[in-house]
Amino acid sequence: MNAPDRYERFVVPEGTKKVSYERDTKIINAASFTIEREEHTIGNIIRMQLHRDENVLFAGYKLPHPLQYKIIVRVGFQSSIFFPFTNY
């Protein structure tokens, strides 16, 4: 069968970070977070919690492909003071 092994859905490969951060170049005060080995459940929870914050302009997530086990969360803030992040 062509299906990937089940453990690949949960185990993060060595050398891969669980969460990576990339600042958006098109939208000011926005960023994308890629979370490896997660699905719609955690994406929707993160999105709903971000919507509760009054400083968040928008928050959403997408699952790029059903066979890629990662989600991309995009968040936009009202002010740049919420960007103390550096690439880690």
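Connection of Leu57 to Ile28 is not established within any shared hydrophobic cluster, with ILVMFWY side chains joined at heavy-atom distances below 4.5 Å, either directly or through further cluster members. A continuous path of Ile, Leu, Val, Met, Phe, Trp and Tyr side chains, each step under 4.5 Å between heavy atoms, connects Tyr21 with Val56, placing both in one hydrophobic cluster. Cluster membership check: Phe33 shares its hydrophobic cluster with Ile42, using side-chain heavy-atom separations under 4.5 Å among Ile, Leu, Val, Met, Phe, Trp and Tyr.
In terms of modelled atom types and a separation under 3.5 Å, the side chain of Arg47 and the main chain of Tyr61 share no donor-acceptor contact. No donor-acceptor pair under 3.5 Å is formed between the side chain of His51 and the backbone N or O of Phe58. Side-chain N or O atoms of Gln78 include one that pairs as donor or acceptor with a backbone N or O of Glu54 at under 3.5 Å.
Listed by chain and residue number, nothing satisfies the side-chain hydrogen bond (donor to acceptor under 3.5 Å, both in side chains) test with Tyr69 (two or more places apart in sequence, or in another chain). Glu39 pairs by the side-chain hydrogen bond (donor to acceptor under 3.5 Å, both in side chains) definition with Arg9, not counting sequence neighbours. With sequence neighbours excluded, no residue forms a side-chain hydrogen bond (donor to acceptor under 3.5 Å, both in side chains) with Lys62.
Here the shortest heavy-atom pairing between Ala30 and Arg23 reads O-CG, 3.7 Å. For the pair Lys70 and Thr34, the tightest heavy-atom approach, listed with the atom from each and the gap, is CD-CG2, 3.9 Å. The two residues Gln68 and Leu63 have their closest heavy-atom pair at O-CD1, 4.0 Å. Of all non-hydrogen atoms in Arg37 and Lys18, the two that sit nearest each other are O-NZ, 3.8 Å. Shortest non-hydrogen contact noted between Ile71 and Glu38 is CG2-O, 3.7 Å. Among all heavy-atom pairs drawn from Pro64 and Ile72, the shortest one is CG-CD1, 3.9 Å.
Note: Gln49 CD to Asn44 CG = 10.5 Å, rounded to the nearest 0.5 Å. In this structure, CG in Asn55 is found 11.0 Å from CG in Asn29, a value given to the nearest 0.5 Å. Annotation: the span from Leu50 atom CG to Asp53 atom CG amounts to 7.5 Å, rounded to 0.5 Å.
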